[in-house]
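I am attaching a structure below and will ask some questions about it afterwards.
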Amino acid sequence: KWQGNKSKHFKYIIPEIPTDFKKYIEPFVGSGAVFLKIEPKRWIINDLNENNISIWKLAKENPKFIKQKFRSFQNHFPKKTNPEKLKYCREQTSRLNSMKKTNEYTVLYLLMTYCAYLGVILFGKSFYFRNLEMNIYVKNKHFFLNPSYFENLQNVSTFLNQTKGTIMNEDYKKILQRAKEGDFVFMDPPYEEEHDYGFKYNKDENLNRQFLEELKQQCDSLDRKNVKWIMTQADTKSVLEIFQH
């Protein structure tokens, strides 16, 4: 579960994906919904968000650790009142700003995104848990503490280990340089929308016209290399102007 998850749009995306590619490449992987849906045998996934990539790596290398920490969380969190839950989530989210990037950090980050509205706990320059975000958690019945969640987690781990792939944390342009003729690239970049959500997917990111123009140049480069690709985008004036040619 991650902001921008494309699982609801499979009926539009999956039929457009070729079946004869050599390697699957996703430079803005997020939750990897499309990636996990088609289960390619060879792949590269990447995200500039280092916290997201730490989740992918931990899911591959040690899913039992995630399960253990989630079960510990389950022993005390659901028993709290809603005000207590909010207080706890604020305190734990604030801890992320000073914690070392260990497996403990990764699991706490993952837990807090599950508690938060749309998985968004990043606000401004630091992690912060806002009031409105608690409302969704109260309604979702703790889905990530159910046995089916851990079964799915183990399935993901098994897939990542039994196929040939690389998990990366680089600028997307470096990842696209690896694409060769016969590969397939799925791009779901952060969008420059015409309204402000009040958060950023990555700290200090700048989603402006320059970002879109660079993205267009990268798409043109893929075309010159005969690399097949699909990209999702926001339906905005800037996007239409830049990608119409």
message = Return the CG to CZ distance between Leu145 and Phe150, rounded to the nearest 0.5 Å.
response = 6.0 Å
query = Are Phe127 and Met112 close enough that some pair of their side-chain heavy atoms sits under 4.5 Å apart?
reply = no
request  = Walk me through it: do Tyr128 and Leu96 pass the test side chain to side chain contact (heavy atoms under 4.5 Å, CB included)?
outcome  = CA-CA 9 Å; Tyr128 178 72; Leu96 293 169; over 6 Å; no
ask   = Is there a donor in the side chain of Glu214 and an acceptor in the side chain of Gln210, or the other way round, less than 3.5 Å apart?
value = yes
task = Search all heavy atoms of Lys180 against all heavy atoms of Val227 and return the closest pair with its distance.
result = O-CG2, 3.3 Å
key: Rounded distance (nearest 0.5 Å) linking atom CG of Asn169 with atom CD1 of Ile175   = 9.0 Å
request  = Take the angle between the ring planes of Phe21 and Tyr24 and call it parallel below 30°, perpendicular above 60°, tilted in between.
outcome  = tilted
query = Once you round to the nearest 0.5 Å, how far does CG of Leu153 lie from CD1 of Ile66?
reply = 5.0 Å
query = How are the rings of Tyr88 and Phe77 set relative to one another: parallel (under 30°), tilted (30 to 60°) or perpendicular (over 60°)?
reply = tilted
ask   = Going through the checks in order, is the side chain to side chain contact (heavy atoms under 4.5 Å, CB included) test met by Lys87 and Lys80?
value = CA-CA 10 Å; Lys87 182 176 183 292; Lys80 297 180 183 294; over 6 Å; no
Side-chain donor or acceptor of Thr158 paired with backbone N/O of Gln154 under 3.5 Å = yes
key: Reported CG-to-CG distance for the pair Leu222 and Asp183, which is rounded to 0.5 angstrom   = 9.5 Å
request  = Evaluate the criterion side chain to side chain contact (heavy atoms under 4.5 Å, CB included) for residue pair Trp229 and Asp223; output intermediate values, then yes/no.
outcome  = CA-CA 8 Å; Trp229 59 273; Asp223 287 339; 2.8 Å; yes
query = Got more than 12 heavy atoms from elsewhere within 6.0 Å of NZ, Lys173?
reply = yes
task = Just do the ring-ring contact (aromatic ring centres under 6.0 Å, His included) check on Tyr149 and Tyr114 with the steps written out, would you?
result = CA-CA 12 Å; Tyr149 175 87; Tyr114 280 137; 5.6 Å; yes
query = Are Phe35 and Phe186 close enough that their ring centres sit under 6.0 Å apart?
reply = no
note = Minimal heavy-atom distance between Leu176 and Met187, with the atoms involved, is CD1-SD, 4.1 Å
ask   = Considering all heavy atoms of both residues, which atom of Thr163 and which atom of Pro40 are nearest to each other, and what is their separation?
value = CG2-O, 3.7 Å
request  = Kindly determine whether Glu104 and Lys69 satisfy salt bridge (Lys or Arg N to Asp or Glu O under 4.0 Å), including the steps that lead there.
outcome  = CA-CA 8 Å; Glu104 293 274 355; Lys69 294 299 180 180; 2.9 Å; yes
query = In terms of heavy-atom contacts, does NZ of Lys67 have more than 12 from other residues, nucleotides or ligands at under 6.0 Å?
reply = no
ask   = Quick one: are Leu240 and Lys237 in side-chain contact, heavy atoms under 4.5 Å?
value = no
query = Tyr105 and Asn51: side-chain donor and acceptor closer than 3.5 Å?
reply = yes
inquiry  = In the structure I gave you, are the side-chain heavy atoms of Ile167 and Trp43 within less than 4.5 Å of one another anywhere?
reply    = yes
task = Over all heavy atoms of both residues, which pair between Ala116 and Ile121 is shortest? Give the atoms and the distance, please.
result = CB-CG2, 3.4 Å
key: side-chain hydrogen bond (donor to acceptor under 3.5 Å, both in side chains) partners of Lys101, counting only residues at least two apart   = Glu50
ask   = Can you tell me how far the CD atom of Gln74 sits from the CG atom of Leu111, to the nearest 0.5 Å?
value = 11.0 Å
ask   = Which value, rounded to the nearest 0.5 Å, describes the distance between Leu110 atom CG and Phe70 atom CZ?
value = 4.0 Å
request  = Could you go through the salt bridge (Lys or Arg N to Asp or Glu O under 4.0 Å) check for Lys216 and Asp220 one step at a time?
outcome  = CA-CA 6 Å; Lys216 173 63 163 60; Asp220 291 342; 3.0 Å; yes
message = For Gly30, is there any backbone N or O sitting under 3.5 Å from a side-chain donor or acceptor partner on Asn52?
response = yes
query = Considering only heavy atoms from C-beta outward, does the side chain of Arg178 approach that of Met168 to under 4.5 Å?
reply = yes
query = Do the side-chain N and O atoms of Gln68 and Arg71 include a donor-acceptor pair separated by under 3.5 angstrom?
reply = no
inquiry  = Could you check whether any side-chain heavy atom of Leu215 comes within less than 4.5 Å of a side-chain heavy atom of Gln233, counting everything from C-beta outward?
reply    = yes
key: Atom NZ of Lys225: over 12 foreign heavy atoms under 6.0 Å   = yes
task = Step by step, work out the side chain to side chain contact (heavy atoms under 4.5 Å, CB included) result for Gln177 and Glu170.
result = CA-CA 12 Å; Gln177 290 174 3; Glu170 298 281 357; over 6 Å; no
Side-chain donor or acceptor of Ser157 paired with backbone N/O of Ala59 under 3.5 Å = yes
Minimum-distance pair of heavy atoms, taken over all atoms of Leu36 and Ser31 = CD1-O, 4.1 Å
Main-chain N/O of Leu48 paired to Asp171 side chain as donor or acceptor, under 3.5 Å = no
key: Minimal non-hydrogen separation, Pro189 against Phe211, with atom names   = CB-CZ, 4.3 Å
task = Indicate yes or no: at least one non-hydrogen side-chain atom of Asn46 is less than 4.5 angstrom from one of Val29.
result = no
